[in-house]
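None of the values given here were measured: they were computed from a predicted structure. In what follows, every chain begins at residue 1, and chains take the letters A, B, ... in the order their sequences are listed. Every heavy atom of this structure was used, including side-chain atoms; hydrogens, water molecules and symmetry mates were not.
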Amino acid sequence: MDDQTRMMTGLTGLGGLAQADVGDPDSVRKQQSLGQPQQDIGDILQQIMAITDESLDEAQARKHALNCHRMKPALFSVLCEIKEKTVLSIRGVQEEDPPDPQIMRLDNMLLAEGVSGPEKGGGSAAAAAAAAAAGGSPTDSSIEHSDYRAKLAQIRQIYHSELEKYEQACSEFTNHVMNLLREQSRTRPISPKEIERMVAIIHRKFSSIQMQLKQSTCEAVMILRSRFLDARRKRRNFNKQATEVLNEYFYSHLSNPYPSEEAKEELAKKCGITVSQVSNWFGNKRIRYKKNIGKFQEEANLYAVKTAVDAANVSAQASQANSPATPNSGTTCSSFVIHREGSAAVNYVFDF
DNA sequence: AACAATGATTCTCG
DNA sequence: CGAGAATCATTGTT
């Protein structure tokens, strides 16, 4: 609202010029030299000055009265004359502002973040995700990005609606001022250039408000980004079933616990996690298992038995003669057992 | 609160 | 680019 008040002062500044013109004793002398009664002119000037203090209706009536006043054309021409002289001093003040580097910076950033620029509907959400992933594989990370995208969309929506509001307010205000100036130009001389200048001033003021909007939008995006990046570190432990599936695979492939890309995808689907999460899990598991086999012995045996039982069940269902004591996933399972027994806590390396 | 477990990240290396 | 290793940061347990 600070800008608005400043805008108003800018506006009254123009009006003030006219008042100064009117108050110029020079003009009074000129009027006197025309042979008109001084009192009369003084009255008119008083009336003009007082217009702003009156209610709209009164002012309207008074304005109409002034416009019909017999002295009006003469007064107007005098005002024009004075204006001619003073306008030279005003001209120097005009300076064309080059495109603000800061606002360009903000614009670029908003564009880069996808806040401004082409509206991204639901259809191109994948494109937005891909852009946000920036090099990551599009299959994963889309889940993590959905929250981010939703928040970004929220910011974008607020930004656009605010921008629209500002633009509307700006054009409304410009129209209002232009109408006002046109109306006033009947009473006092206002060149089109001046109106132009006034419009430029208004636009400058509004664009400074716009810059504030852009700035705070940028800040919001930055905050969102940092929160999001922090949030990526946040994690939820996988549910029991998922851990079970992963462990089952790990211990039944202990001699070569490196799932292929297809296996990873299948595990990911089974566990309801992403492929990269599966990769993370196996990476962590391998290194932690290797570091301290002893700690995992119990778990390993558990899953060895589990897979053995499963295998036995499968074979039983298949009406085969295998006893539960001779699991058919033997190669990997037994290799683990042998290794365990042979080198309890010493460095264990996977059989590659 | 201290500690362990665990998922994610970052770095180096082949 | 993927694996290993170290590390971070959160979650779960005691």
Are OP1 or OP2 of [N] and a side-chain N or O of [X] less than 4.0 angstrom apart?
X	N	result
A/Lys264	C/dA3	yes
A/Gln277	B/dG7	no
A/Asn280	B/dA8	yes

Would you mind telling me which residue lines up with the more 5' stretch of DNA chain C, A/Pro259 or A/Asn284, judged by nearest nucleotide?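 By nearest-heavy-atom nucleotide position, the 5'-most residue is A/Pro259.
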Are there any protein N/O atoms within less than 3.5 Å of an N/O atom in nucleotides 2-6 of chain B, and if so, which ones and at what distance?
from: B/dT6; atom 1: O2; to: A/Arg235; atom 2: NE; distance (Å): 3.1
from: B/dT6; atom 1: O2; to: A/Arg235; atom 2: NH2; distance (Å): 2.6

Write down the distance between [atom1] ([X]) and [atom2] ([N]), rounded to a whole number of angstrom.
X	N	atom1	atom2	answer
A/Ile287	B/dG7	CD1	P	16 Å
A/Tyr289	C/dA5	OH	C1'	19 Å
A/Lys291	C/dA6	NZ	C1'	7 Å
A/Arg236	C/dT10	CZ	C1'	11 Å
A/Arg286	C/dA6	CZ	P	15 Å
A/Ile273	B/dG7	CD1	P	8 Å

Any donor-acceptor N or O pair under 3.5 Å, side chains A/Tyr251, A/Glu299: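 The criterion, which ignores hydrogens and geometry beyond distance, is satisfied for A/Glu299 and A/Tyr251.
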Taking atom types as modelled, find out whether A/Arg286 and A/Asn284 have a side-chain donor-acceptor pair closer than 3.5 angstrom.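 A/Arg286 vs A/Asn284: no donor-acceptor pair found between side chains.
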Where the side chain of A/Glu194 meets the backbone of A/Ser191, is there a donor-acceptor pair that is under 3.5 Å apart?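 Present.
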Please work out whether the ring planes of A/Phe250 and A/Trp281 are parallel, tilted or perpendicular, with thresholds of 30° and 60°.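 A/Phe250 vs A/Trp281 ring planes: perpendicular.
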List, one per line, each side-chain donor-acceptor pair under 3.5 Å for residues 171-181 of chain A, sequence neighbours excluded.
from: A/Ser171; atom 1: OG; to: A/Gln168; atom 2: O; distance (Å): 3.1
from: A/Glu172; atom 1: OE2; to: A/Gln168; atom 2: NE2; distance (Å): 3.4
from: A/Thr174; atom 1: OG1; to: A/Cys170; atom 2: O; distance (Å): 2.6
from: A/Asn179; atom 1: OD1; to: A/Arg182; atom 2: NH1; distance (Å): 3.2
from: A/Asn179; atom 1: ND2; to: A/Asn175; atom 2: O; distance (Å): 3.4

Go through the structure and list residues passing side-chain contact (heavy atoms from CB on, under 4.5 Å) with A/Leu213, not counting sequence neighbours.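 side-chain contact (heavy atoms from CB on, under 4.5 Å) list for A/Leu213, sorted by chain: A/Tyr159, A/Glu162, A/Leu163, A/Tyr166, A/Thr217.
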